[in-house]
Protein chains: 2
Amino acid sequence: MPNPGGSRRDRPAKPALSLQWIVAETIKIIRTEGLERATMRRVAQALDTGPASLYVYVANTAELHAAVLDELIGATEPEPGDWMARLQSVLGSYADVLFTYPGLARSALVLRPTGPHALRLYDQVLGLLLEGGIAVERAAWGVDLLLQHVTATAAEHSAPARADVDAPPDGAAQMDVLRGALRGADPVENPHVAAHAEALLAGTPAQRQAWAIRALVQGIATTPTQS
Amino acid sequence: MPNPGGSRRDRPAKPALSLQWIVAETIKIIRTEGLERATMRRVAQALDTGPASLYVYVANTAELHAAVLDELIGATEPEPGDWMARLQSVLGSYADVLFTYPGLARSALVLRPTGPHALRLYDQVLGLLLEGGIAVERAAWGVDLLLQHVTATAAEHSAPARADVDAPPDGAAQMDVLRGALRGADPVENPHVAAHAEALLAGTPAQRQAWAIRALVQGIATTPTQS
DNA sequence: ACCTGAACACCGTTCAAGT
DNA sequence: ACCTGAACACCGTTCAAGT
């Protein structure tokens, strides 16, 4: 006599899987345990099923990560202001997403996000460059350059996948190593680095990021696509 | 009576391990089987030992990859010409290294190469920007921007680690997906992308790379570090 | 069509024990 | 000090079998 009376008390009626649910659960895991923990096996476990079940909805782990990233990109939005201020703010909010989930930036470089939210971001950035009066061929190539810069910067600040869970989630450690290497440069082997180590290390990340975007826009606006 | 006569025929007298030898063997594996095959276990096997032995010389897999990358950067060299031509050629030869061993570029973004050869590359790029008459604070920040661009571009063209060994080693596939997404953009949702899809996709990788470097240098040269 | 248990073929890293 | 076998704690993906 299975399931008498139309309800059973043993299980809370497991709903059917769906890509949306899988993505939502994966984001929860990334948020609480980090990207490296969001494995097919771990996600399947959270969904109370076996890893094989996920392959009905995604072809592989990369595709799952891509779906997650597009979902997160949905949160990016420009604040009001002139075109340059809006550009800085869309790129800034994209950077925030990538910095919040370090490791996803690494994926984003290779994944080339192409979901609906990513496309909207692409469209916003292109629109802002055109609004700034930049020639269309330059603006078109510039979009890639700007998004690549933000993505790469976030990826740099994310640490490689760690075995040790307790350690800080840094990438700041890598920065310290670089700092040490530049400060310790041999004036004979590396004269320029040795002479200008402090200039190389100057500025806060925010200052450097803002400068980089201004410099990129400046270069994009003034450099003809035909040499 | 072990080892009579001072020589034995059973084994070719296994030499002692060394970081140099480990790196050399790892490069061989990367060259023939790809980075994703160059695991601690696979490298140890090639060295006819167990994986634990490698941990005497490197702290983890990332450190092994970093040592390999620095070794490979040793091959970069500028060709003669004015400072801009030399800049394009050093960056080009660095790009060649990263494109030849796709996947190492992905590591390079996070690893922040700091070995002797990487430092030399850093020094060359900084020297060339200064030779071009660029203000030292801008040149110093610009080095990062230029190397980051090259590294990120190479990383983009490398595919994610694949289970399937027979498939093309592309990343070109990702580009095709992007192409399709841009061409198929909805004119209402993404008006700018839809209107300028061809401009977004225009140019060969080489043309875009050369333009990007000119644009970066232009932006670096003309953008004050203080807004 | 969707879902699953179990298996296949791997990983990085640690550790106690040897030389 | 250097090296090692064996183990610990995982992976992604596939496949035959079920519903």
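Just so we're on the same page: letters track the sequence lines, and every chain starts at 1.
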When you look at L128(B) and V90(B), which way does the side-chain contact (heavy atoms from CB on, under 4.5 Å) test go after all the steps?
CA-CA 10 Å; L128(B) 288 168; V90(B) 217; 3.6 Å; yes
Evaluate the criterion side-chain contact (heavy atoms from CB on, under 4.5 Å) for residue pair S53(B) and L17(B); output intermediate values, then yes/no.
CA-CA 9 Å; S53(B) 306; L17(B) 286 178; 3.9 Å; yes
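To the nearest angstrom, C1' of dA9(C) lies 10 Å from CZ of R37(B). For the pair L54(A) CG and dG12(D) P, the interatomic distance rounds to 10 Å; values are reported in whole Å. Separating the CG atom of D48(B) from the C1' atom of dG5(D) is a distance of 14 Å, rounded to the nearest angstrom. Atom CZ in R41(A) sits about 15 Å away from atom P in dA9(D), given to the nearest Å. Atoms CD (Q45(A)) and C1' (dG12(D)) sit 16 Å apart, rounded to a whole Å. Computed from coordinates, the Y55(A) OH to dA6(C) C1' distance equals 15 Å when rounded to whole Å. Rounded to whole Å, atom C1' of dC2(D) lies 15 Å from atom CG of L19(B). A straight line from CD of E33(B) to C1' of dC10(C) spans 14 Å, rounded to a whole angstrom.
With sequence neighbours left out, the ring pair (Phe, Tyr, Trp, His ring centres under 6.0 Å) criterion links Y101(B) to no other residue. T76(B) meets the side chain to side chain contact (heavy atoms under 4.5 Å, CB included) test with I73(B), S93(B), Y94(B), V97(B), R120(B), L121(B); sequence neighbours excluded.
Look at Y57(B) and you'll find a side-chain N or O under 4.0 angstrom from OP1 or OP2 of dC3(D). Of the side-chain N and O atoms in T39(A), one or more sit less than 4.0 angstrom from OP1 or OP2 of dC11(D).
Comparing dA9(D) with dC8(C), their P atoms sit 22 Å apart, to the nearest whole Å.
For T61(B), counting side-chain heavy atoms from C-beta on, the closest listed nucleotide (dC10(C), dG12(C), dC10(D)) is dG12(C). Considering only the side chain of A52(B), dA6(D) comes nearest among dT13(C), dA6(D), dT13(D). Of all nucleotides listed (dT13(D), dC2(C), dC2(D)), dC2(D) comes nearest to the side chain of V56(B). Residue N60(B) places its side chain closer to dT13(C) than to any other of dT13(C), dC3(D), dC10(C).
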Pairs of donor and acceptor atoms involving the side chains of residues 141-150 of chain A, under 3.5 Å and at least two apart or interchain, shall be tabulated with distances.
| from | atom 1 | to | atom 2 | distance (Å) |
| --- | --- | --- | --- | --- |
| W141(A) | NE1 | A202(B) | O | 3.1 |
| D144(A) | OD1 | Y122(A) | OH | 2.8 |
| D144(A) | OD2 | R208(B) | NH2 | 3.2 |
| Q148(A) | OE1 | H149(B) | ND1 | 2.8 |
| Q148(A) | NE2 | T153(B) | OG1 | 2.9 |
| H149(A) | ND1 | Q148(B) | OE1 | 2.8 |
| H149(A) | NE2 | Q209(A) | OE1 | 3.0 |

Please tabulate, for side-chain N and O atoms in residues 187-201 of chain B, each donor-acceptor pair with protein atoms closer than 3.5 Å (sequence neighbours left out).
| from | atom 1 | to | atom 2 | distance (Å) |
| --- | --- | --- | --- | --- |
| E198(B) | OE1 | R183(B) | NH2 | 3.4 |
| E198(B) | OE2 | R183(B) | NE | 2.8 |

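Contacts of S53(A) with the nucleic acid, taken as non-hydrogen atoms under 4.0 Å apart, include base atoms.
Listed by first and then second residue, the ring pair (Phe, Tyr, Trp, His ring centres under 6.0 Å) pairs involving residues 51-71 of chain B amount to none (not counting sequence neighbours).
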Let me check I have this right: for DNA chain C, each base becomes ., (, ), [, ] or |, based on Watson-Crick or G-U pairs with both distances under 3.5 Å. What is the full string?
||.|||||...|||||.||
